Amino acid sequence: MKRESGYQMKNIMRKKQLPQTMNEFDQVVKGNSLSKDAWRRLKKNKMAVISVIIVSIYILLAICAPILPIYPYDEIVLDHQNLKPSFSKTSGELMFEKRLADLYTQAWRQGRLTLSEEQNAILETWIDKNQATKVWDYMYVEGNRQLESGTFTFNTAENRTVNNLKSKIATDLQITVDTIWTTDPQTGKKLNVEKLSTEEIVNLYATMVGNTPQQVITQYTVEIEQQILKQIKSESTGLTEAEYQSLLQADLAGFSQKERDNLTKDNVFSKIAAIAKDIAASDLKTAATDATAEFPLNKEIQIKDSLSASVKATKMHERRYYLGTDYVGRDMLSRIIYGGQVSIAIGFIGTLTSVLIGVVLGALAGYLGGKVDYFIMRVVDIMYGLPYMLLVIIAMAIFGRNILNLFFALAIISWLTISRMVRGQIMSLKNQEFIEAARSMGASTPRIIFRHLVPNSLSVIIVFSTLRIPSFIMTESFLSFLGLGVQAPYASWGSLVGNGVGGMTLYPWKLFYPALAMTIFLFAMNFLGDGLRDAFDPQSKNQL
Amino acid sequence: MYKKDEKKILLEVVDLKQHFPIETGFIFKKQVGAVRAVDGISFTVNSGETLGIVGESGCGKSTTVRSIAQLYKPTSGSVVFDGLDLVNAPKNEMLKARKNIQMIFQDPYASLDPRMTVRTIIGEPLDIYMRRGLLDEPMDKEMIEKRVEDLMERVGLNRAFKNRYPHEFSGGQRQRIGIARALALNPKIILADEPVSALDVSIQSQILNLLSDLQKDLGLTYVFIAHDLAVIEYISTRVAVMYLGKIVELSKSSELYHNPLHPYTKALLSAAPIPDPVIERKRQRIILTGDVPSPNKEHKGCYFYERCPMRMEKCATNIPPMHAMGNDHAVACWLYE
């Protein structure tokens, strides 16, 4: 047995060791493949290297998005609407500033805050030009100055607002329940409630609220039915109540006992978690108010009897939004990163699919010629004749609006250009002598196409695909802009830009940052395409 | 196996015709004629000899070898190689035969895939036949590697160059790569399609010497195309002269050069310059009148009729067959009936 594995090891080792080449001076000549050579040439091209770095950073960010220390991209914090980007100030400070500017402006309107003639004139021109941000910024500075010098004081209502806001900023907490523990009264061992069986959880919950387990189960069976019914109603509208009921029964009949148990378990558990969160919130609120606790904090709190929960609490308004927030208070930074995920994926996967289809069909048409060529090219001509956007929109409308269908719709339309290009390339190559040489040594058609013809048209394909990626991203953003692309809460650069256009003058960061992220990426892709073209051409004069 | 002077026929071409259709029509193609590139030629090639084919541009030399190699499907006729009719051979038999028929191409720049390294180019035939399982003895990657190196040394290339791309070589070196590739499968016959015409004279002689060395060492048979008469004289055992898709004269090399019979051969030989100024000044040239007729039309008489200085009435209406003149000399002309 041992000997055998030893033999295998040796075999593997030998396979890995490539035969070495010696020149006349007995020096080892290093092997050189097309890709290695291309990489060597690419490394000499500065712009391409920078582009490679940029593109890899983007891709790395997109892939690592779930583990990055950023706020969830779909978490709505209504208090944080339209906060501007800031590195130094917390969201609480920004909220406060915004409110103060608001109050000062109101007071100025009401005539309680008096400014000089010149200042008034400046403010009026800004208002005429719709430059509200300038007005607010100015009023904030001016109001603070007047408040300090005592020429302006808040009235009682305003004082109350300010104080309420201050205490809100100080005490609002963001609480997340990590795990809920139950302690066994006899052994004192702690168990994770989520990992218990359905029965145990139901029992726990029953004793917690003072019901019998049976009552709890009946209550949740009804609740689950209602959830399913709601889902059915949202999926298919316009049916009668009886039809809904029959659909519901059909769905329920499809559940096994285990699935039903799991549903009950999930529901009961989320209920327990909600209770734990409430208790934690009231517990910690006092701690936050009288500043007895340090935030952010991780704490285990007692819920009831044997139940306890590990809770993480942070002050809600101590968040920092480096790229601002959008109209419902979602973090722009994380939305741009997650949006990049979608946009880059659409760019790459869409291009890959369209290039695969286009190259195979184009190569077949070009090399085989005759009827095959005629048929494929007529299909391409016909599809060219149809309006591209309309096709995508129809496809999206028929198959539903999700990301996968978007990939699909873009891919089936966009192979046309590349197949034409590849066909032309291959037609000019196929009468070259090296193809005749390959045929004369018995190479099969697939081998000629994929070993000789396609590699020789690779530079065209690569340049085209790298230029295709930006155009895919653009198309996707256009569709998202029309509301046919990525649906909220998911984001893509296109939908972010689309949303940002709305409040362009008031909240320029909502447009600027996604657009910037997109522009840099598209630039990098273009330079990379150029670099790759030069790198993949062994005869390139542009060897730097 | 056989005595040295005993002739064994390796390749026999019988009434080979290669017509390329001329089509018109946008969607429904209609054949309106044909370019008669090769119009019924017959010859044999004996094992170990070199058959040179000469003729002016467009006379069908290249088409002939491409038809023999089955790069084009011949219109009619047969190509018998080692007892197998290649024209109608099943695919698998064809592949086995193809291993023994390899080609060297005219343009050393276009005949090597610019995306492949020398190693891949020379190893490609081996790779193809390894994958198909048609090699005489199975080879693995290492053995192919070794064979590639051996071949490179054999044709006079440094084996350290095997990772280079074709564009890094000179024309002569590239042609050596092409020769190495043709040798990879140990073929019996090599069809050389003007292998030296794209090279300059000093390189030509190197390549010619290499080819004749290889022939001596490996017992190869060549079908060698050139339009340079000196090259053909140097390398060939027998020579076929082609005109307008027909063989007009076929003979031993020395015989043909000393005793040309066909008027076209005479004119062709008289056109070759002689590298001695004294003789060159006295050289009598036979100037043919008119142009080569279009290969599109069908001929009823001698293909050379329009331009022949010695034409007779008979020539206009009767196609001359090959007349054996003895001493292995055959000519297609009514003069020698």
Side-chain angles (χ1 to χ4, degrees), chain A residues 14-38 41 369-371 374-375 378 428-448 450-459 536-541 543, chain B residues 27 29 65-66 69-71 91 94-99 101-117 119-121 124-129 131-132 134 141-146 148-149 158-168 178 181-182 184-185 187 191 193:
Chain A
R14 203 180 57 185
K15 256 187 186 169
K16 274 192 177 167
Q17 194 193 356
L18 279 167
Q20 282 183 335
T21 322
M22 303 289 210
N23 67 5
E24 60 266 55
F25 306 110
D26 278 344
Q27 293 163 318
V28 177
V29 178
K30 276 223 176 127
N32 197 0
S33 67
L34 178 62
S35 50
K36 226 188 245 172
D37 210 39
R41 272 194 292 265
K371 288 205 170 70
Y374 189 79
F375 181 72
R378 288 307 80 75
S428 73
L429 283 172
K430 78 170 175 183
N431 289 324
Q432 296 257 329
E433 268 184 351
F434 69 87
I435 300 300
E436 264 179 0
R439 285 173 55 208
S440 79
M441 54 196 160
S444 59
T445 306
R447 188 187 171 100
I448 290 174
F450 294 108
R451 277 298 192 68
H452 294 277
L453 293 171
V454 173
N456 274 290
S457 25
L458 207 64
S459 58
F536 268 102
D537 187 2
Q539 297 172 62
S540 168
K541 295 285 171 289
Q543 294 209 346
Chain B
I27 295 173
K29 297 250 161 69
V65 293
R66 279 170 166 71
Q70 303 299 305
L71 290 179
K91 204 182 162 207
M94 180 63 220
L95 278 170
K96 275 183 200 159
R98 185 157 263 171
K99 198 169 56 170
I101 307 173
Q102 290 290 307
M103 282 187 76
I104 301 173
F105 290 86
Q106 173 177 11
D107 185 350
Y109 292 85
S111 63
L112 306 176
D113 187 338
R115 295 273 166 170
M116 287 186 166
T117 54
R119 169 215 306 262
T120 338
I121 290 172
E124 195 180 15
L126 293 166
D127 188 44
I128 290 170
Y129 276 86
R131 277 161 203 272
R132 291 188 190 271
L134 290 174
K141 281 221 162 95
E142 261 172 70
M143 287 167 78
I144 290 182
E145 201 78 12
K146 183 81 184 46
V148 168
E149 282 178 18
N158 190 336
R159 65 195 152 106
F161 291 166
K162 70 175 180 176
N163 294 319
R164 296 204 179 169
Y165 288 98
H167 71 268
E168 296 171 84
R181 172 174 65 183
L185 288 168
L191 309 174
D193 181 5

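Letters go in sequence order (proteins before strands), and every chain restarts at 1. All figures in this text were calculated on a predicted structure; none of them were measured in a lab.
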### Query
Going from CG on Asp193(B) to CD on Glu433(A), what distance comes out if it is rounded to the nearest 0.5 angstrom?
6.5 Å
### Query
Can you say whether Arg164(B) sits under 4.5 Å from chain A via the side chain, the backbone, both, or neither, judging by heavy atoms?
neither
### Neighbour count >12 (heavy atoms, 6.0 Å) for atom CZ, Phe450(A)
yes
### Task
Could you have a look at Gln432(A), His452(A), Arg451(A) and say which one has the most heavy-atom pairs with chain B under 4.5 angstrom?
His452(A)
### Query
If you look at every heavy atom in Arg115(B) and Asn456(A), which pair is closest and at what distance?
CG-OD1, 3.2 Å
### Part of Tyr109(B) lying under 4.5 Å from any heavy atom of chain A
neither
#### Entry: Nearest heavy atoms of Phe434(A) and Pro114(B), plus distance in Å
CE2-CD, 3.9 Å
#### Entry: Between CD1 on residue Ile448(A) and CD1 on residue Ile128(B), distance to nearest 0.5 Å
7.5 Å
### Query
Do Pro455(A) and Met116(B) come close enough that some side-chain heavy atom pair is under 4.5 Å?
no
#### Entry: With Asp127(B) via side chain to side chain donor-acceptor pair (under 3.5 Å) - residues at least two apart
Arg447(A), Arg131(B)
### Task
Go through the atoms of Gln106(B) and report whether side chain, backbone, both or neither lie under 4.5 Å from a heavy atom of chain A.
both
### Message
Is Ile101(B) in contact with chain A via its backbone, its side chain, both, or neither, using a 4.5 Å heavy-atom distance?
### Response
backbone
#### Entry: Per-residue contact mode, Glu124(B) against chain A (heavy atom under 4.5 angstrom)
both
### Task
Below 4.5 Å from any heavy atom of chain A, which atoms of Leu112(B) appear? Answer side chain, backbone, both or neither.
backbone
#### Entry: Proximal to chain B - members of residues 435-442 of chain A, heavy-atom separation under 4.5 Å
Glu436(A), Ala437(A), Arg439(A), Ser440(A), Met441(A), Gly442(A)
#### Entry: Leading residue by heavy atom contact count with chain A [cutoff under 4.5 Å; candidates Arg181(B), Gln70(B), Met94(B)]
Arg181(B)
